[in-house]
Amino acid sequence: MKKIEPTLLNVQQSAAFLGVNSATIRRWAKTNQLNGIKVGSRGDWRFTEEALSKLTSKPSIKEERRKFAKITELLKENENSIQVMATSQHTHLIGGDPLPAEHFHKYKKIHMKVVRAIANNLHDFEKGAANFRRLGVELARDAVKDGLSIEETVNGTIFLKQAIWKKLEEVGLLKELSTQDLYEFSHITGSYCDVLASKIAFTFHNVFTEKVRASEGRFRVLTEKSADAIALVDRKGKVLHASTSTKEVMGYTPEEFKKLPNPFELVPPEERKLVTKLFQKLLKKPGSVERLKYQITHKGGYAIWVESVMSNLLNDPHVNAIVINYSNITARTEADKKLIKSEGRFRALLNASSDVVYHMNPDWSEMRHLEGRNFLADTEEPIKNWLEKYIYSDDQKRFKEAVKKAIRSKGVFQLEHQVKQVNGVLGWVFSRAVPILDEDGNIIEWFGAASDITKQKELERQKDDFLGIVSHELKTPVTSIKAYAQALEIMFERKGDTKTAELIGKMDAQASRLNRLICDLLDVTKIQSGRLQFNEGCFDLNDLVREKVEEMQRLSEKHNMIKKLTATKKIYGDKERLGQVLTNFISNAIKYSPQADEIIISTSSNTKEVTLSVQDFGFGISQANQEHIFEQFFRVKGAAHDTLPGLGLGLYISSEIVKREDGKIWLESTEGKGSTFCFSLPIKKTVGPKQPAKKKISHNNG
Ligand code: ADP
């Protein structure tokens with residue numbers, strides 16, 4: 001072997017150096033137009049740069065460069081028309097259907113790549129051939145996927161070769177080429193296309209076809225396992241394959257089903273048009289899926305409902321057909337019909353009701369729908385800003401809290417609140433919503449109804465106003481009666497007429513009772529309208545107990561009032577109002593334990609709160625009644641209680657006062673043994689005033 005000089009260029013490098021084709025370089029070397037050296041066992045050529053440079057000025061080189069540059073340019077410009085020409089040649093000479101649209105586009109793309117590759121590799125045959133082998137594989141794979149025959153694909157490349165030549169002829173370039181050039185160009189394009197054709201024909205087509213067959217087998221196994229009937233049909237609707245479950249679903253064996261002209265024959269005429277139209281639509285889009293519920297006639301002659309899913313898998317090499325999946329939904333459809341019927345009844349029921357109806361999503365972040373019944377504005381599409389739309393701003397916080405509680409407990413949501421009516425005016429509703437749960441107990445949605453209680457609320461307000469005015473008007477004369485009675489009592493006592501003085505004393509006591517009743521009524525109306533005033537300050541609860549016990553002890557000599565005062569902390573609040581609570585506890589203890597002779601009043605404190613309790617040993621209260629004891633106008637019914645006077649307001653007022661002071665109120669009681677009424681106030685309130693001295697009790701309707 002000869003030593004290769006580093007300055008020597010091989011054929012490709014030389015072709016690139018001169019800008020001509022490598023075959024031309026070889027031809028010149030063979031005909032001694034170019035001085036070269038044969039190297040290696042294959043006897044390839046090497047050239048010096050000097051030898052090559054001598055040729056650069058050669059007119060034939062310039063000429064060749066120009067021609068090939070022109071061809072390259074031409075091919076690049078005409079990729080598209082060359083492809084069209086090749087396809088029409090194919091159709092013209094071979095006959096049969098032209099390539100379907102989706103294939104056409106793909107082949108166009110591949111053929112364009114071929115033309116581009118020819119154009120770019122005119123100077124380098126080796127590289128071109130390698131490229132073409134790769135393209136051949138690509139083309140073969142696609143051809144098999146698309147179900148094209150070997151002839152169709154090989155012919156495709158042959159017609160492409162012809163089309164390229166035709167184009168060159170059309171533009172007169174062929175005339176410009178010498179016989180030698182023609183030979184060379186034919187050699188290049190011809191060899192390239194032949195490389196393609198032979199690759200497709202002898203290697204890959206078979207390999208890919210085998211692969212597709214194997215996967216088809218797998219596909220068939222899969223369809224046989226399904227309970228649904230599965231059919232493969234071609235683009236004309238002809239059944240290529242039907243799964244065995246066709247028998248179960250439609251009564252036809254796969255063979256019988258295959259013999260049908262097309263599966264749409266089974267669809268009743270009135271629906272057939274719709275189904276075939278959908279099929280046509282599907283054909284236009286490879287990879288698309290269409291779904292439709294329709295009836296088909298079972299082999300037994302009766303109609304069944306199927307849900308059919310049609311998939312265009314014509315492009316899928318594993319299927320290469322339209323796949324129709326039939327699932328029998330007759331039972332489901334019947335159930336649906338029943339559901340629709342019962343839903344219809346439910347709807348009718350809703351329509352008959354005058355309540356506003358609404359649906360909320362599980363966490364109430366979205367209102368799905370609301371029928372406003374001309375009271376509230378309707379919401380037809382789901383909305384997120386329903387709180388702002390419907391709920392009065394002052395009630396929004398309270399509303400959200402009630403919702404949170406209902407979600408947490410998965411229980412009923414229930415609230416009286418104000419709403420923005422459709423006419424822009426505020427109104428009142430009593431709203432109730434229940435959660436709908438799934439099998440696992442998760443909330444699917446909330447279903448609610450709200451009744452318009454605006455009128456009722458207005459009446460209530462009028463009643464409160466009336467009570468307010470009346471009790472206020474009553475208070476003045478009663479105070480005067482008391483003052484006169486006390487003056488008279490003193491006068492008669494001075495005169496020594498003790499009998500009359502005693503009677504007048506009793507009159508004064510009754511006037512005091514009347515005064516208390518009026519005060520209670522007044523307080524209630526103030527609570528309702530949010531006008532109950534508080535004067536807060538720091539004081540010792542033990543002092544308050546001592547004061548009140550002394551006062552009350554005078555009223556009942558029968559009961560011995562025992563004080564157990566262990567609270568060590570002062571509290572912050574309205575002394576008078578809390579004194580009112582204590583008075584109520586003690587007077588109830590006296591009233592409802594007529595047989596007993598002891599009442600224990602205790603205070604205690606820990607780091608968090610101060611507690612007060614009043615214990616008696618009287619009637620006690622049953623568990624059922626305990627639940628309602630702090631409600632307005634609630635009084636225990638029964639022989640013992642009925643004889644005792646009262647309005648059932650004292651404990652209601654007490655609970656409102658304690659709540660307002662951020663405290664807790666409760667009782668412990670056993671019927672027949674006695675009761676202990678308690679309240680506690682948080683220590684933080686002992687720190688000092690945080691709020692203005694005068695404040696209003698909040699309006700509580702919830
Ligand atoms: P009133 O005493 O004016 O009826 P309250 O609101 O103070 O109103 O009390 C409500 C009801 O609770 C009373 O009617 C009574 O039946 C019951 N009750 C209150 N305190 C006691 C108690 N210490 N023992 C038994 N029952 C009580």
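As the structure lists them, so they are numbered: ligands from 1, and atoms in each ligand from 1. Just so you know, residue 1 is the first one in the sequence shown, and it goes up from there.
- In the vicinity of Phe677, heavy-atom distances shorter than 4.0 Å reach the ligand 1 atoms 20 (N), 21 (C), 22 (C), 23 (N).
- Using a 4.0 Å cut-off between heavy atoms, Leu649 contacts ligand 1 through its backbone alone, with no side-chain atom that close.
- When Val636, Asn588, Leu517 are checked for heavy-atom proximity to atom 7 (O) of ligand 1, Asn588 turns out nearest.
- Nearest protein heavy-atom contact of atom 16 (O) of ligand 1 is His641 ND1, 2.9 Å.
- At the top of the distance list for atom 23 (N) of ligand 1, counting protein heavy atoms only, stands Asp616 OD2, 2.8 Å.
- Cation-pi contact between Arg660 and Phe534: present, with separation from the ring centre below 6.0 Å and deviation from the ring axis of at most 45°.
- Ligand-side atoms of ligand 1 in range of Phe634: 10 (C), 11 (C), range being under 4.0 angstrom from any heavy atom.
- Counting atoms of ligand 1 from 1 in the listed order, those under 4.0 Å from a heavy atom of Gly646 are 3 (O), 4 (O).
- Of all the atoms in ligand 1, the ones that sit under 4.0 Å from a non-hydrogen atom of Ile621 are 25 (C), 26 (N), 27 (C).
- Between the choices Asn584, Ile629, Leu647, Asp520, the shortest heavy-atom distance to atom 17 (C) of ligand 1 belongs to Ile629.
- For Phe585 and Trp666, the gap between ring centers reaches or exceeds 6.0 Å.
- The option from Tyr592, Phe630, Phe617 that lies nearest to atom 25 (C) of ligand 1, judged by heavy atoms, is Tyr592.
- Between the CD atom in Glu576 and the CD1 atom in Ile657 there is a gap of 10.0 Å [rounded to 0.5 Å].
- Ligand 1 has at least one atom lying under 4.0 Å from a heavy atom of Gly648.
- Ligand 1 has no N or O atom lying under 3.5 Å from any N or O atom of Gly620, backbone or side chain.
- Look at Lys591 and Asp616 and you find no salt bridge, because none of the NZ, NE, NH1 or NH2 atoms lies under 4.0 Å from a carboxylate O.
- Residue Arg635 places at least one N or O, backbone or side chain, under 3.5 Å from an N or O of ligand 1.
- Panel note: side chain Asp452, backbone Thr454; a donor-acceptor pair is recorded below 3.5 Å.
- Using modelled atom types, one side-chain atom of Gln553 and one backbone atom of His559 make a donor-acceptor pair closer than 3.5 Å.
- Between Tyr358 and Trp446, the ring center distance fails the sub-6.0 Å criterion.
- Not one N or O on the side chain of Glu416 forms a donor-acceptor pair closer than 3.5 Å with the backbone of Ser431.
- Phe466 does not carry Lys463 over the face of its six-membered ring by the limits of under 6.0 Å from the centre and within 45° of the normal.
- Scanning all protein heavy atoms for the shortest distance to atom 5 (P) of ligand 1 gives Leu651 N, 3.6 Å.
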